[in-house]
There are 2 protein chains.
Amino acid sequence: MSCELVFIDKLKEKGFRLTMQREIVLSVLHGFSSAVSAEEIYNRVQEISSAVDISTVYRTLELLQDFGMVISSDIGGDHRVYNLVSVEEPHIHLVCKECGQVLGIETDPAEKLASYLESHHNFLIDLKNFHISGLCEDCQEKGISPNE
Amino acid sequence: MSCELVFIDKLKEKGFRLTMQREIVLSVLHGFSSAVSAEEIYNRVQEISSAVDISTVYRTLELLQDFGMVISSDIGGDHRVYNLVSVEEPHIHLVCKECGQVLGIETDPAEKLASYLESHHNFLIDLKNFHISGLCEDCQEKGISPNE
DNA sequence: GTTATTGCAAATTATTTGCACTTGG
DNA sequence: CCAAGTGCAAATAATTTGCAATAAC
């Protein structure tokens with residue numbers, strides 16, 4: 001099922017409405033391959049319709065996060081970036097702490113760790129929504145070191 | 001080696017100075033068993049010396065983070081909390097996404113996962129500085145569910 | 001029609017900064 | 001001494017909010 005259909009479904013499910021602004025934000029997010037800030041999203045949205053307000057962008061991003069379709073992460077301390085994530089298979093998110101890029105992978109390699117943490121430390125992680133922070137290939141190539 | 005000695009050492013090493021304010025902030029951090037906000041730290045600091053400014057608290061917290069003695073995490077979206085962490089052994093930090101509490105554990109249970117991510121996805125994590133987000137025992141007991 | 005949603009502008013709020021003064025080494 | 005550190009007050013800046021107008025359903 002495509003992102004758009006998932007979105008429409010979830011909106012209906014909660015009694016929310018499909019608006020022009022929400023469609024635009026979602027389509028703009030598709031145009032980015034890496035993590036982007038709210039302002040970058042806003043700028044791109046403006047190119048499509050200059051009437052859309054930045055507060056609407058924020059409100060839509062929050063909605064998409066509630067729906068699990070977008071994740072956001074803090075990078076560089078002050079910058080918050082957003083990512084559209086696949087709505088298919090549950091998966092772990094490898095989030096680059098340098099650029100905020102997100103890579104979705106299968107959950108199995110972390111299953112052992114998860115059960116270890118639960119049995120030994122009573123610490124519960126949600127594998128279907130597990131974020132691992134590190135360095136992506138690109139940022140490694142730029143010579144950035146893993147310890148921040 | 002105690003936190004205080006480590007702190008003094010690191011300060012010397014970088015040519016920074018040991019001030020009253022820095023000592024107070026560090027001692028106040030010892031008094032908290034769980035994660036606290038900058039303002040909570042500031043309030044406690046004020047009880048000891050009302051002359052210390054909140055900007056100094058922020059500056060000191062940043063310094064302590066640079067030294068790897070404090071970690072901070074975002075919880076609940078808007079709240080940022082700080083934790084004094086053990087200066088001994090390198091370890092993984094289990095950070096509760098609900099209350100911000102940090103539990104330090106040994107690195108070995110995650111070694112397999114780390115090498116898997118590196119070989120299969122070219123994604124590099126720093127095991128000595130690995131943060132895993134989840135729910136601590138206390139928050140689980142409060143009936144909070146792992147998916148946020 | 002009714003109610004969610006929006007645009008606008010103003011508010012919020014945690015954090016940061018410039019600078020003259022103070023203090024540690 | 002003198003560079004690092006501080007307090008103060010003001011600036012910042014990203015995000016949020018109240019509300020009347022608008023548009024989905």
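Just the heavy atoms: all of them, side chains too, but no hydrogens, waters or symmetry mates, feed the values below. Throughout, protein chains are lettered first and strands after them, A, B, ... in sequence-line order, and every chain is numbered starting at 1. Worth saying up front: this structure is predicted, and the values here are computed from it rather than measured.
The shortest distance between side-chain heavy atoms of A:Ile132 and B:Ile125 falls below 4.5 Å. Taking the side chain as every heavy atom from C-beta outward, A:Glu106 and A:Glu111 never approach each other to under 4.5 Å.
Between A:Leu64 and A:Leu26 the shortest heavy-atom distance is CD2-CD1, 4.3 Å.
In the set C:dG7, D:dT6, D:dT15, C:dG7 carries the atom at the smallest distance from any side-chain atom of A:Asp53. For B:Ser55, whose side chain is taken as the heavy atoms from C-beta onward, the closest listed nucleotide among C:dT15, D:dA3, C:dT17 is C:dT17. The side chain of B:Thr56 approaches D:dT6 more closely than any other nucleotide in the set C:dT23, D:dA24, D:dT6. Distances were taken from every side-chain heavy atom of A:Ala38 (C-beta onward) to each of C:dA4, C:dT15, D:dT15; the shortest belongs to D:dT15. Closest to the A:Arg80 side chain, of the nucleotides C:dA4, C:dT15, D:dT15, is D:dT15. Across C:dA14, D:dG5, D:dA14, the shortest atom-to-atom separation from the side chain of A:Tyr58 is found for D:dA14.
Under 4.0 angstrom from either OP1 or OP2 of D:dG5 there lies no side-chain N or O belonging to B:Arg59. In this model, the phosphate group of C:dG7 is approached by a side-chain N or O of A:Gln21 to a distance below 4.0 Å at OP1 or OP2. In this model, the phosphate group of C:dT6 is approached by a side-chain N or O of A:Arg22 to a distance below 4.0 Å at OP1 or OP2. Taking only side-chain nitrogens and oxygens, B:Thr19 never comes nearer than 4.0 Å to OP1 or OP2 of D:dA4.
A cation-pi arrangement is not found for A:Arg22 relative to A:Phe7, the charged atom failing to lie both closer than 6.0 Å to the ring centre and inside a 45° cone about the ring normal.
Distance CG (A:Asn43) to P (D:dA14): 12 Å, rounded to an integer number of Å. Atom CG in A:Leu63 sits roughly 16 Å away from atom C1' in D:dT16 (whole-Å rounding). Between A:Asp74 atom CG and D:dT15 atom P there is a gap of 9 Å when expressed in whole angstrom units. Rounded to an integer number of Å, the gap from A:Met20 CE to C:dG7 C1' is 16 Å. Rounded to whole Å, atom P of D:dG5 lies 16 Å from atom CD1 of B:Ile24. With rounding to whole Å, A:Leu11 atom CG is found 11 Å from C:dA4 atom C1'. Computed from coordinates, the A:Lys12 NZ to D:dA24 C1' distance equals 12 Å when rounded to whole Å. Atom-to-atom, CZ of B:Arg17 to P of D:dA3 comes out at 9 Å; the value is rounded to the nearest Å.
The 5' end of DNA chain C is approached more closely, in terms of each residue's nearest nucleotide, by A:Ala51 than by the other of B:Ile54 and A:Ala51.
Listed by chain and residue number, B:Val81, B:Val95 satisfy the side chain to side chain contact (heavy atoms under 4.5 Å, CB included) test with B:Ser73 (two or more places apart in sequence, or in another chain).
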